[in-house]
Amino acid sequence: MKIAVLGTGYVGLSTGVCLSQIGHQVTCLDINEQKINQLRNGISPIYEPGLEELLTANMEAGRLRFTTSQTEALTQTEIIIVAVGTPQGEDGAADLSFLVQAAKDISIFINQDTIIVIKSTVPVGTNDFIKKLIEDHCCFKVKMVSNPEFLRQGSAIEDTMKADRIIIGSENEEAARKIHEMYRPLHVPVIVTSTKSAEMIKYASNAFLATKISYINEIANLCEVVGADVQDVARGMGKDKRIGEAFLNAGIGYGGSCFPKDVKALLHTAGAYGVKFPLLKETIAINDYQRELLVLKALKRFGGLKGKKIAMLGLAFKPETDDMREAPSIPLSAALTKYGAEVVAYDPVASENARKIIGDSIKYAGSIAEAVDEADAVLIVTEWNEIKSIDVAEMLTKMKEPIIFDGRNCFPEETIRACRSVEYYPIGKPAIII
Ligand code: UDX
């Protein structure tokens with residue numbers, strides 16, 4: 001099939017690459033010329049394991065193209081997949097301006113009836129609105145398909161090629177069948193719904209997962225005061241198939257480009273229809289508290305942080321990505337510097353992006369050893385493998401004081417107990433002080 005993908009962010013690029021991998025002719029369109037030139041040279045603008053290899057292979061096979069030309073991408077194309085960003089607007093609602101622009105471009109450049117697949121995360125009713133917008137501005141008919149995306153950064157290719165399910169929401173049976181056909185080589189279970197249900201599935205799924213995280217984080221906070229171990233509790237809970245093991249890792253809150261904005265957007269939609277949804281308000285409040293928890297723990301331990309050297313290990317919102325959007329390291333850095341601490345951070349790949357957001361209020365080290373040198377305490381912020389495999393005993397000898405606040409429960413108890421002198425403060429478990 002001949003497919004155009006609008007937008008080369010995480011979702012657009014992964015989708016384009018994977019569809020070409022299963023044999024389709026894919027043209028990816030983006031307005032950013034620099035990005036398109038980079039992609040044409042086989043360089044991925046995002047850090048995503050496995051993406052560059054597939055990208056190059058499919059370009060060489062002649063199935064994958066990148067362009068800034070709307071004519072090239074949108075004319076004579078049977079399926080147009082829209083994967084532009086829908087960032088959070090000022091009032092918490094999803095900002096649809098990129099999507100509206102994409103719809104306008106589509107109305108100008110299509111020259112036949114076309115199937116429009118909306119992959120961007122959009123509030124309920126958006127597919128109808130986009131259909132009207134396009135058809136009001138051109139003489140062709142469009143068949144809308146809502147096809148939300150569930151890929152995670154860091155495992156985008158795997159999540160696309162081996163998805164748990166594909167949601168196809170459409171009022172048009174022929175379009176739904178065609179998109180089902182497009183994905184057939186993936187052999188993934190397909191659920192066909194109305195467009196509105198498909199739009200809702202995406203928000204309901206993300207908000208549920210975010211709520212699951214806030215729930216386990218609140219259980220962790222309770223575990224700390226009653227002396228239980230949240231990792232044991234999560235293991236015990238997760239074995240119940242009705243609960244499930246995934247997304248029960250307590251930590252310093254959820255971040256990234258989706259959960260924070262999608263929870264707020266769903267809350268906004270609920271409010272617009274007069275539904276209060278207090279559960280989501282609590283999910284957000286717990287997350288906000290959790291994101292600064294390590295600073296509260298450090299303040300409790302030290303009394304004050306003025307002049308303390310704090311090593312922050314990890315900056316990205318999660319491992320295997322250089323994405324800094326809504327990363328807990330941002331509020332943590334702000335709070336630590338506000339209390340007068342000197343922060344030296346290390347991240348295997350995200351330092352450059354972090355500097356653009358956090359700026360020079362903190363220092364950026366080139367290695368873990370450099371960050372922890374003479375530090376009063378270490379804060380573990382992202383569970384990179386490099387950080388999880390630190391020789392903890394060795395690291396402690398380089399520090400001024402052997403104090404670790406571990407926001408991701410990276411180290412087994414035996415590792416900590418083997419240290420000669422240590423103060424270890426994990427999440428949702430008793431501290432270990434030797
Ligand atoms: C998420 C959804 O998982 C994906 O389906 C959707 O398409 C986009 O949003 P992503 O943002 O890439 O994906 O990351 P994910 O792995 O889901 O993690 C989100 C945040 O939750 C991270 O900050 C992570 O650290 C945190 N998290 C996740 C926890 O704190 N505990 C967990 O158990 C799982």
Side-chain angles (χ1 to χ4, degrees), residues 9-15 46-49 51 83 85-88 94 119-122 147-160 162-167 198 201-221 230-231 233-235 237-238 243-266 283-284 286-291 293-294 314-332 347 350 380-384 387-388 406-410 427-428:
Y10 272 97
V11 172
L13 195 53
S14 309
T15 304
I46 48 173
Y47 176 83
E48 185 62 43
L51 181 65
T86 49
Q88 192 184 312
K119 231 180 207 313
S120 310
T121 301
V122 293
N147 173 221
E149 182 51 61
F150 301 97
L151 61 81
R152 288 163 301 173
Q153 291 177 215
S155 53
I157 300 297
E158 166 110 359
D159 285 352
T160 308
K162 296 184 190 156
D164 288 339
R165 79 304 206 183
I166 289 171
I167 305 294
I201 286 169
K202 171 67 187 188
Y203 279 106
S205 301
N206 272 2
F208 182 82
L209 291 171
T211 303
K212 200 172 177 190
I213 296 169
S214 279
Y215 181 81
I216 199 66
N217 281 337
E218 201 69 319
I219 292 288
N221 295 335
V230 74
Q231 283 181 306
V233 173
R235 234 191 358 254
M237 287 168 63
I243 297 174
E245 291 174 341
F247 281 67
L248 283 180
N249 292 319
I252 47 174
Y254 59 79
S257 61
C258 292
F259 286 174
K261 91 170 163 65
D262 291 351
V263 175
K264 285 181 190 148
L266 184 58
T283 294
I284 295 169
I286 294 166
N287 201 54
D288 287 345
Y289 173 80
Q290 211 68 16
R291 282 154 69 84
L293 183 59
L294 294 188
L315 287 161
F317 84 93
K318 68 173 194 175
E320 300 301 334
T321 177
D322 60 356
D323 200 324
M324 281 295 295
R325 283 175 287 179
E326 298 285 341
S329 61
I330 302 168
L332 280 173
D347 189 284
I380 310 277
V381 175
T382 319
E383 67 278 33
W384 284 97
I387 293 170
K388 286 198 287 192
D406 184 353
R408 302 290 187 177
N409 290 341
C410 282
I427 299 284

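One-based numbering along the sequence shown. Atoms within each ligand, like the ligands themselves, are counted from 1 in listed order.
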Can you find a heavy atom in the side chain of N206 that is under 4.5 Å from one in the side chain of Y254? no

Side-chain donor/acceptor of K202 to backbone N/O of D262, under 3.5 Å: no

I'd like the contact residues of ligand 1, where contact means a heavy atom below 4.0 Å. E149, F150, L151, R152, Q153, K202, N206, I213, F247, L248, N249, Y254, G255, C258, F259, F317, K318, R408

Does any N or O in the side chain of E48 come within less than 3.5 Å of the main-chain N or O of G154, such that one atom is a donor and the other an acceptor? yes

Mark yes or no for whether K212, through its side chain, and A246, through its backbone, hold a donor-acceptor pair below 3.5 Å. yes

Pair S257-Q153, side-chain donor/acceptor within less than 3.5 Å: yes

Would you call E326 and R291 a salt bridge, using N to O less than 4.0 angstrom? yes

